Asks: 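Below you'll find the structure I mean.
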Amino acid sequence: MPHKEKAKTPNTDPIAANGGEPGITREHWGSRIGLVLAMAGNAVGLGNFLRFPAKAAANGGGAFMIPYFIAFLILGIPLMWIEWGVGRYGGSIGHGTMPGVMHRIVKSPIAKYLGVLSIVLGLLTAVYYSYIESWTLSFSYFSVTGRYNEIPGSDMVEKRKEMGRFFKEYLGVREKLKITRAATVQEIAAVSECTNASEVPSLLKYDAARDGEWNPYDSRLDQSKRPFTEIPLRNKFFQNNSTAYIFFFLTFALNFYFLYRGLSAGIEQLGKIGMPILFIFAIILAIRVLTMGRPEGCNWSVIDGMNFLWVPKFDQLGNAAVWLAAAGQIFFTLSLGQGAIQAYASYLSNKDDVVLTGLSTASLNEFAEVILGGSIAIPAAVAFFGPAVTTDIARSGAFDLGFQCMPLIFTKITAGWFFGAIWFGLLFIAGITSSVALLTPPITFLKDEMKFSHGKAVAAVSAITIIFSHACVFFFEQGLVDEMDYWVGTFGLVVYALLEVIVFMWIFGGENAWKEIHKGCDMKIPRVFYYIMRYLTPLYILGLLFAWGIQDGWGILVMQGIPVENRPYIWACRVGMLAVTALFLHFIWKRFHDDDKDSYWLPTVLWGYPLLILIASYPGLLGIDTNGLLLLAVSWSAVLILCIYVIYRMCTIPPRRHDDFPEETETADKPAT
Ligand code: PHE
């Protein structure tokens, strides 16, 4: 039986019931069902209902599902067990995040600093994730108040455009009008609804194709000579993003409330109440969509939608992009590689099973994603817009599908306000149960390692999140959300997952890990998974990183395709992410440097070096100096070599502090009899 703890008394549990070091006091989950629901809440998120349908449709529907299931088997399930295992093991020695676990089992002093990823990835993801979550709350409110019912337009195509404008203006982004020929200021003033022509010049953007790249820093600018390409239109639905801002604060206040109440009384309660409601909402919506048939005046039906998603297209299997997208989705949806599952699992005791419970969480997530998530947005969109337009919609991103098409569909069905409210309500619950999970690793770190009180840890982490979220709220248009999503929500988590596999399955030792996972288990894992976890999973991840690097890593690094004027913002965003990392590296140093006799240069190198590169690359990225790009290439290769060296060192130096399985350390790699 899991240890029952009193609500609101975090950190005071006197029992080291986890079988770990004496004197370690940690909170625990209240009950098994509470744990499963909290973990399911962690995994089931916006990824299930927004990201999955969009990714599946954008990658050819049926073509996506085969690589998706393979990734679930080779990456999803094994990594789930590894994270539960590392998490519970860490908890038993008083460390809910990776720096402490690394310090304990890896000899090299550098290792624990790499564990910083388990803290900052979740924190930085929460920075933009909680903002997106707040949109769902406001759109739920708009559904009830009928705010988007009167979207103008004679048909669905026109309405979709207007709904796009509604959504953009909500975010504080002005709709732009493309001008295809040179026009006078007066002509433009007329179409852009400016009050007078004198407003126009300040709104202009210039044609890159005709005049070469021009940016606001270019002193050669001659305003009068250049033809215009796009001009922002006057706002129609929202004057600015103040509504979004208010809802963001409301959302964050709710996150803060549940986090502040603590593990059992806050997060677990949220899962216990939220998850059943979420499933009921999703089932109602899925039934509503699946019984829609062929909507009046439309050429397609929901059956076409189901076919679109489920008829396998084997000819697409050779396309690497589809495999990458599928694997990325598995990581994101199962909350893997962010330290979030690990932090939750650190509050288990050795008597709690992780094999079956971990598998249940993964299965519940897949049920929510494939069965429910797959039966709502895509079939509805195909019925109303047809498969070709749906693919287009999905390619333009999950937000188009969720915040533009779905509301329009709700305006077309009876009691649409109700279905709209539960669609966005469902997204909100999915979002909040995940955002509290994203913030748990940094909170756990501050409590475990820095001995912060619960309240102080929650307040500190919330303050950092709120400050950084402002960048997303006010510079959404400059692409900050996409930028962060790439580094922490797509790339970073794969890197961290690789680190986890190496640490647990190789340094801790395959057999030790296998035993650790099986402590208190209700079910044995088939032995074949031992080999998958040890060999196939890390190889698969390496392959992914390699393919990503080749496919889009370089382009993203040098900000290809990002308008020149947005690059400083993106650059600043990277510096900001690095600053948060530096802060936590400092904390890690502070906590552990005495044990390892570390000098301060170790953590400093880890953040200082990328910072130097960022500084050096600044003018180059603005398109002024190509030498900057060269420097960037050289420097980043050096970082890569440094990382490989560190991993090599970690693997070759035998563990020093690893005393939990003394008799096993020598023979860790030999299979058990
Ligand atoms: N799994 C969540 C989703 O599907 C996102 C998430 C990632 C949550 C990592 C916690 C940690 O939306």
Side-chain angles (χ1 to χ4, degrees), residues 37-56 68 71-72 75-76 79-80 83-84 87 96-98 117-136 255 258-259 267 270-271 274-275 278 282 325-346 358 361-370 372-374 377 398-399 402 426-444 461 465 481 484-497 500:
L37 290 176
M39 278 286 196
N42 179 336
V44 177
L46 301 174
N48 297 55
F49 297 96
L50 284 182
R51 199 177 190 272
F52 169 75
K55 289 279 170 206
Y68 176 85
F72 179 61
L75 298 175
L79 281 167
M80 200 73 169
E83 287 217 6
W84 278 72
T97 48
M98 213 50 161
L117 287 178
S118 76
I119 308 162
V120 297
L121 290 179
L123 178 60
L124 292 172
T125 306
V127 163
Y128 66 89
Y129 195 92
S130 51
Y131 183 42
I132 299 172
E133 185 184 314
S134 74
W135 309 345
T136 65
N255 272 279
F258 287 110
L259 286 168
I267 297 176
L270 176 66
M275 291 318 279
L278 178 145
Q329 177 60 18
I330 283 294
F331 272 102
F332 192 83
T333 187
L334 291 170
S335 305
L336 296 170
Q338 296 247 7
I341 298 277
Q342 187 190 346
Y344 270 27
S346 76
T361 313
S363 322
L364 214 54
N365 182 72
E366 289 315 291
F367 174 75
E369 174 145 309
V370 176
L372 298 175
F399 302 149
L426 147 95
L427 290 181
F428 181 70
I429 299 172
I432 191 166
T433 49
S434 293
S435 54
V436 292
L438 286 163
L439 291 171
T440 298
I443 292 174
T444 302
V461 169
T465 317
V481 169
M484 294 186 74
D485 185 48
Y486 178 76
W487 290 110
V488 297
T490 309
F491 183 73
L493 47 80
V494 183
V495 174
Y496 176 61
E500 263 178 341

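Remember, it's 1-based here, ligands and their atoms both numbered in the order they're listed. In this chain, residues are counted from 1 in sequence order. This is a predicted model, so every value here is computed, not measured.
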Asks: Apply side-chain contact (heavy atoms from CB on, under 4.5 Å) to the pair T433 and F258, showing each step before the final yes or no.
Replies: CA-CA 9 Å; T433 49; F258 287 110; over 6 Å; no
Asks: Once rounded to the nearest 0.5 Å, what's the spacing between atom CG of L124 and atom CD of Q338?
Replies: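 Nearest 0.5 Å value for the CG-CD distance: 9.5 Å.
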Asks: Applying side-chain contact (heavy atoms from CB on, under 4.5 Å), run through T465 and L439 and close with a yes or a no.
Replies: CA-CA 9 Å; T465 317; L439 291 171; 3.5 Å; yes
Asks: Quick one: ligand 1 N/O to protein N/O pairs below 3.5 Å?
Replies:
| unit_1 | atom_1 | unit_2 | atom_2 | d |
| --- | --- | --- | --- | --- |
| ligand 1 | 1 (N) | A43 | O | 2.8 |
| ligand 1 | 1 (N) | F332 | O | 2.8 |
| ligand 1 | 1 (N) | T333 | O | 3.0 |
| ligand 1 | 1 (N) | S335 | OG | 2.9 |
| ligand 1 | 4 (O) | A43 | O | 3.2 |
| ligand 1 | 4 (O) | G47 | N | 3.4 |
| ligand 1 | 4 (O) | N48 | OD1 | 3.3 |
| ligand 1 | 12 (O) | L46 | N | 3.1 |
| ligand 1 | 12 (O) | G47 | N | 2.8 |
| ligand 1 | 12 (O) | Y129 | OH | 2.7 |

Asks: Holding to ring-ring contact (aromatic ring centres under 6.0 Å, His included), I want the full list of residues that pass it with Y68, two or more places apart in sequence or in another chain.
Replies: F52, F64
Asks: Can you sort out the partners of Y344 under ring-ring contact (aromatic ring centres under 6.0 Å, His included), two or more places apart, ordered by chain and number?
Replies: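 For Y344 the ring-ring contact (aromatic ring centres under 6.0 Å, His included) partners, ignoring immediate neighbours, are W29.
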Asks: Who pairs with F399 by ring-ring contact (aromatic ring centres under 6.0 Å, His included), at least two apart in sequence or on another chain?
Replies: W135
